[in-house]
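To start, the structure under review is shown below, and the notes come after it.
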Amino acid sequence: MIDLNEETFILYAIKAYDKPNCIMSEFENDIKKIKYIKRLLRKYRATGVLKERLILNHIIILSNIFGSEAATRLLFFQIESKHHDILKTFLVFLNFMPKIVVGINGTDLRSSDIPIDMTVAAELRKL
């Protein structure tokens with residue numbers, strides 16, 4: 001499996017992209033969903049305002065487009081490690097979280113090493 005880093009990110013995303021007749025602008029818009037999730041997680045951490053349904057929708061769309069394994073790897077690569085606990089909580093809720101996320105900047109991320117954000121988990125349980 002290809003190790004995700006700055007040089008291989010776009011190549012990996014293009015290979016995993018599941019829209020055979022798309023144009024480049026569609027691909028770029030779909031990649032922007034990762035940045036949007038990143039912004040929503042940062043906003044939650046800074047203000048305590050969680051837009052859980054919006055985050056779930058974006059993660060589901062990414063999983064539909066890239067596949068859940070590739071989407072998970074792309075998200076963990078792009079999102080700062082200080083927000084991995086929030087991301088993991090959403091991925092566990094959707095049953096997308098693997099035991100090991102392989103090849104993120106030369107390391108493997110073990111799910112057991114990333115805590116669950118209990119505040120986010122409580123909000124997701126209400127859905």
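In what follows, residues are counted from 1 in the order of the sequence shown.
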Can you find a heavy atom in the side chain of Thr119 that is under 4.5 Å from one in the side chain of Tyr44?
-> yes
Can you tell me if Thr89 uses its side chain to pair, donor with acceptor, with the backbone of Asp117 under 3.5 Å?
-> yes
How many angstroms lie between atom CE of Met118 and atom CZ of Arg125, to the nearest 0.5 angstrom?
-> 5.0 Å
Just do the side chain to side chain contact (heavy atoms under 4.5 Å, CB included) check on Val92 and Lys88 with the steps written out, would you?
-> CA-CA 6 Å; Val92 166; Lys88 176 189 173 180; 3.9 Å; yes
Taking atom OG1 of Thr72 and atom CG of Leu109, what is their separation to the nearest 0.5 Å?
-> 11.0 Å
Of the non-hydrogen atoms in Val101 and Met97, which two are nearest, and what is the gap between them?
-> CG2-CE, 4.0 Å
What closest approach, in Å, do Ile100 and Arg110 show between heavy atoms, and which atom pair accounts for it?
-> CD1-NH1, 3.3 Å
Value for CG (Asn57) from OH (Tyr36), rounded to nearest 0.5 Å, stands at 10.5 Å
Between CG on residue Leu40 and NZ on residue Lys51, distance to nearest 0.5 Å = 7.0 Å
Do the rings of Tyr17 and Phe66 sit parallel, tilted or perpendicular, given the 30° and 60° boundaries?
-> tilted
What is the minimum heavy-atom distance between Ala121 and Ile116, and which atoms define it?
-> CB-CG2, 4.1 Å
Could you check if a side-chain atom of Asp18 sits within less than 4.5 angstrom of a side-chain atom of Ile65, using non-hydrogen atoms only?
-> no
Which pair of heavy atoms, one from Pro98 and one from Ser111, lies closest together, and at what distance?
-> O-CB, 3.4 Å
Where the side chain of Arg73 meets the backbone of Ile104, is there a donor-acceptor pair that is under 3.5 Å apart?
-> no
Search all heavy atoms of Tyr12 against all heavy atoms of Ile2 and return the closest pair with its distance.
-> CD1-CG2, 3.1 Å
Roughly how far, to the nearest 0.5 Å, is CD1 of Ile60 from CZ of Phe90?
-> 10.5 Å
Do other residues, nucleotides or ligands put more than 12 heavy atoms under 6.0 Å from the CG atom of Asn29?
-> yes
Does some side-chain heavy atom of Leu56 sit less than 4.5 Å from a side-chain heavy atom of Phe93?
-> yes
Is Leu127 reachable from Leu94 through a run of I, L, V, M, F, W or Y residues, each pair having side-chain heavy atoms under 4.5 Å apart?
-> yes
How long is the span from the CZ atom in Arg53 to the CD atom in Glu123, to the nearest 0.5 Å?
-> 10.5 Å
Please tabulate, one pair per line, all N/O donor-acceptor pairs under 3.5 Å involving side-chain atoms of residues 74-87, not counting sequence neighbours.
| unit_1 | atom_1 | unit_2 | atom_2 | d |
| --- | --- | --- | --- | --- |
| His84 | NE2 | Phe76 | O | 3.2 |
| His84 | NE2 | Ile79 | O | 3.0 |
| Asp85 | OD1 | Arg45 | NH2 | 2.6 |
| Asp85 | OD2 | Arg45 | NH2 | 3.3 |

Side chains of Ile37 and Leu54: closer than 4.5 Å at any heavy-atom pair?
-> no
